[in-house]
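See structure below.
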Amino acid sequence: MRSFALLACLLATAACDRGAPSGSPAPSAAPPQVASAAPPESASAAAPSTPPPATAQPSANATAAVAPTADPTATAAAPDAGSGGDAGPTPADPSRLTIEGTPIQGGLVLAKLTGRQKRMSFPGHRVIVSDANDFLIAFGRNAPKQEKITITFDDGQVLERVFDVEQRTFETDKIDNLPDEFVNLDMPTRVKLTQAEQKLTALRNKHSKSDCYKEKFVWPTKGKVTSRYGQPRVLNGTDGGIHWGVDIAVPTGTPVRAPACGKVVFVEKDLPLSGHTLVIDHGHGLTSTFIHLNGFTAKVGDEVKQGQVVAQVGMTGRTNGPHLDWRMNFFEVRIDPELLVRNDK
């Protein structure tokens with residue numbers, strides 16, 4: 001059974017990798033309440049280009065967004081009036097920014113501030129600061145070795161923090177002798193795929209004030225992991241893109257449980273390649289996507305608790321064997337679900 005499940009997952013190449021709606025998203029403008037998003041990740045293993053600087057201004061409800069801008073001076077926090085004039089701003093105590101988690105490619109950390117921030121510079125990142133002064137930081141698959149955040153507090157103090165991002169290697173999957181339709185998509189499928197990508201990208205560019213992202217995530221189902229996040233694939237000798245999820249080989253009908261609490265924001269059948277698809281919003285731009293499902297037990301608008309059954313594993317979409325493909329996004333940045341549950345036994 002395990003051998004069949006592994007083969008089935010490898011053959012689910014188009015839906016699990018290239019062009020699937022939960023794969024590489026099409027670029028989309030961010031909604032009005034959030035600043036423009038950082039450039040979407042590439043669906044290749046090449047190192048990303050250097051992103052432009054970013055700035056953010058506080059809003060009335062203490063929720064701030066950080067995103068790249070064209071301002072070349074934005075990475076340096078400007079001194080505030082009364083903070084010393086020519087002497088420059090007063091450095092903040094490093095303890096005013098605390099981090100929970102490990103900066104690693106594909107990882108997610110929870111940051112918390114002591115005191116209100118006035119503005120923030122974090123090139124290539126989007127940041128939503130909650131009313132409790134915490135926020136998420138996502139490091140993409142190709143994140144550079146170092147990234148710097150600059151925070152100016154309401155009292156004029158400025159804090160700079162350089163993150164040393166742990167670098168990873170991703171094993172390449174080389175799969176040959178696949179049916180041509182698994183590798184080369186026909187035009188009608190491409191059109192439907194683009195429409196689905198646009199819908200999901202717009203959905204992921206939204207954010208809620210939910211703090212379900214603070215929960216310790218658990219596996220949505222237990223089984224053999226047959227494919228992992230970040231793996232580049234070569235299909236019949238051609239570039240098959242990046243696998244953005246974690247594939248778990250389990251039988252059709254196996255319950256899919258919410259890995260953390262949240263709100264169901266997308267339920268749709270028969271998406272091209274992905275098949276039956278469900279998305280849960282965990283708050284502040286963090287979402288879980290489940291594809292190839294057999295059926296749903298939750299609907300759009302349902303508030304779900306951790307461990308609650310929301311769907312069943314299936315083999316819908318472009319796959320010839322049952323498995324769950326679980327993907328996670330922080331806005332447009334794809335992150336590795338295994339890093340959120342790796343200590344979960």
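What you see is a predicted model, and the numbers here were worked out from it, not measured in a lab.
Judged by distance alone, with hydrogens and angles left aside, the side-chain atoms of Lys112 form a donor-acceptor pair with the main-chain N or O of Ala132 at under 3.5 Å. Of the possible polar contacts, one joining the Thr297 side chain to the Val310 backbone as a donor-acceptor pair under 3.5 Å is found. The backbone N or O of Ile128 lies less than 3.5 Å from no partner atom in the side chain of Ser130, so there is not a single donor-acceptor pair. Judged purely by atom type and a 3.5 angstrom limit, Asp186 uses its side chain to pair as donor or acceptor with the backbone of Thr189. A donor-acceptor contact shorter than 3.5 Å links the side chain of Arg257 to the backbone of Gly307.
Here CG of Leu108 is found 9.0 Å from CD1 of Ile137. Values are rounded to the nearest 0.5 Å. Here the CZ-CZ distance, from Arg161 to Phe122, works out to 10.0 Å after rounding to the nearest 0.5 Å. The distance from the NZ atom of Lys269 to the CG atom of Asn294 is 9.5 Å, given to the nearest 0.5 Å. Atom CG of residue Leu278 and atom NE2 of residue His276 lie 11.5 Å apart, to the nearest 0.5 angstrom. Note that the OG1 atom of Thr221 and the NE2 atom of His323 stand 12.5 Å from one another [nearest 0.5 Å]. With rounding to the nearest 0.5 angstrom, the CD atom of Gln312 is 9.5 Å from the OG1 atom of Thr254.
Within 6.0 Å of atom NZ in Lys192, 12 or fewer heavy atoms from other residues, nucleotides or ligands are found, so the atom counts as exposed in its surroundings.
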Check the pair Leu324 / Asp247 against side chain to side chain contact (heavy atoms under 4.5 Å, CB included), numbers first and verdict last. CA-CA 6 Å; Leu324 177 65; Asp247 287 349; over 6 Å; no
Stepwise side chain to side chain contact (heavy atoms under 4.5 Å, CB included) test for Glu332 and Arg126: CA-CA 9 Å; Glu332 74 287 343; Arg126 186 187 297 202; 3.8 Å; yes
Between Ser288 and His282, does a side chain to side chain donor-acceptor pair (under 3.5 Å) hold up when you go through it step by step? CA-CA 8 Å; Ser288 285; His282 302 295; 2.9 Å; yes
Does the pair Ile104 and Phe139 meet the rule for a side chain to side chain contact (heavy atoms under 4.5 Å, CB included), with working shown? CA-CA 6 Å; Ile104 183 174; Phe139 297 96; over 6 Å; no
Trace of the salt bridge (charged side-chain N to carboxylate O under 4.0 Å, His left out) decision for Glu268 with Lys199: CA-CA 11 Å; Glu268 193 164 321; Lys199 184 184 297 185; 3.2 Å; yes
List the steps, then state whether salt bridge (charged side-chain N to carboxylate O under 4.0 Å, His left out) holds for Arg116 with Asp155. CA-CA 8 Å; Arg116 307 299 295 183; Asp155 58 12; over 6 Å; no
What verdict does the side chain to side chain contact (heavy atoms under 4.5 Å, CB included) test give for Val246 and Asp325, after you've listed the backbone C-alpha separation in whole Å, the side-chain angles of each residue and the deciding distance to 0.1 Å? CA-CA 6 Å; Val246 175; Asp325 188 338; over 6 Å; no
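Listed here is the closest heavy atom pair of Phe153 and Thr114: CE2-O, 3.6 Å. Here the shortest heavy-atom pairing between Phe163 and Pro103 reads CD2-CG, 4.0 Å. Across all non-hydrogen atoms, the minimal contact from Asp176 to Gly237 is OD1-N, 3.8 Å. Closest non-hydrogen pair, Leu97 versus Ala111, comes out as CD1-CB, 3.9 Å. For the residue pair Arg141 and Pro232, the shortest heavy atom distance occurs at NH2-CD, 3.7 Å. Contact record, Leu159 with Ala92: CB-CB, 3.8 Å, taken as the closest heavy-atom pair.
Aromatic ring pairs are classed by plane angle as parallel below 30°, tilted from 30° to 60° and perpendicular above 60°; the pair His284 and Tyr213 is tilted. Between Phe170 and Tyr229, the two ring planes are perpendicular [angle over 60°; tilted spans 30° to 60°].
Side-chain atoms of Thr172 and Lys174, non-hydrogen and from C-beta on, do get closer than 4.5 Å to each other. No side-chain heavy atom of Gln231 sits under 4.5 Å from any side-chain heavy atom of Ile242. Residues Val313 and Leu293 are not in side-chain contact: their nearest non-hydrogen atoms beyond the backbone lie 4.5 Å or more apart. When side chains are defined from C-beta on, Ile280 does not count as touching Val265, because their heavy atoms never get closer than 4.5 Å. Side-chain contact between Ile151 and Gln117 is present, with at least one heavy-atom pair separated by less than 4.5 Å. Leu113 is listed as a side-chain neighbour of Phe135, based on a closest heavy-atom distance under 4.5 Å. The closest side-chain heavy-atom distance from Gln167 to Gln105 is below 4.5 Å. Two residues are said to be in side-chain contact when any heavy atoms from C-beta on lie closer than 4.5 Å; Met328 and Leu340 meet this criterion.
Within the structure, the salt bridge (charged side-chain N to carboxylate O under 4.0 Å, His left out) test picks out the following pairs touching residues 293-316 (sequence neighbours left out): Lys299-Asp302.
In summary, the side chains of His292 and Ser274 do not present any donor paired with an acceptor at a separation below 3.5 Å, with no hydrogens or angles considered. A donor and an acceptor atom, one from each side chain of His125 and Glu147, are located under 3.5 Å apart. Using modelled atom types and a 3.5 Å distance limit, the side chains of Asp281 and Thr287 yield no donor-acceptor pair. Checked by atom type, the side-chain pair Arg96/Gln157 shows a donor-acceptor distance below 3.5 Å. There is no side-chain donor-acceptor pair under 3.5 Å between Asn236 and Thr238. Between the side chains of Thr289 and Trp326, no donor N or O sits under 3.5 Å from an acceptor N or O.
Judged by the 6.0 Å and 45° rule, Arg204 forms no cation-pi pair with Phe331. For the pair Arg327 and Phe290, the cation-pi criterion (under 6.0 Å, within 45° of the ring axis) is not fulfilled.
Salt-bridge formation is not detected for the pair Arg233/Asp239: no Lys NZ or Arg NE/NH1/NH2 atom is positioned less than 4.0 Å from an Asp or Glu carboxylate oxygen.
With hydrophobic clusters built from ILVMFWY side chains whose heavy atoms lie under 4.5 angstrom apart, Val300 shares a cluster with Val256. Residues Val333 and Leu110 fall within the same hydrophobic cluster, defined by Ile, Leu, Val, Met, Phe, Trp and Tyr side chains chained together at heavy-atom separations under 4.5 Å. Criterion: ILVMFWY side-chain heavy atoms under 4.5 Å apart, direct or through other members. Under it, Met315 and Val225 are not part of a common hydrophobic cluster. Residues Val309 and Val264 are members of separate hydrophobic clusters, defined by side-chain heavy-atom contacts under 4.5 angstrom among Ile, Leu, Val, Met, Phe, Trp and Tyr.
Just one of Pro259, Cys212, Pro337 meets the side-chain contact (heavy atoms from CB on, under 4.5 Å) condition when paired with Phe217; it is Pro259.
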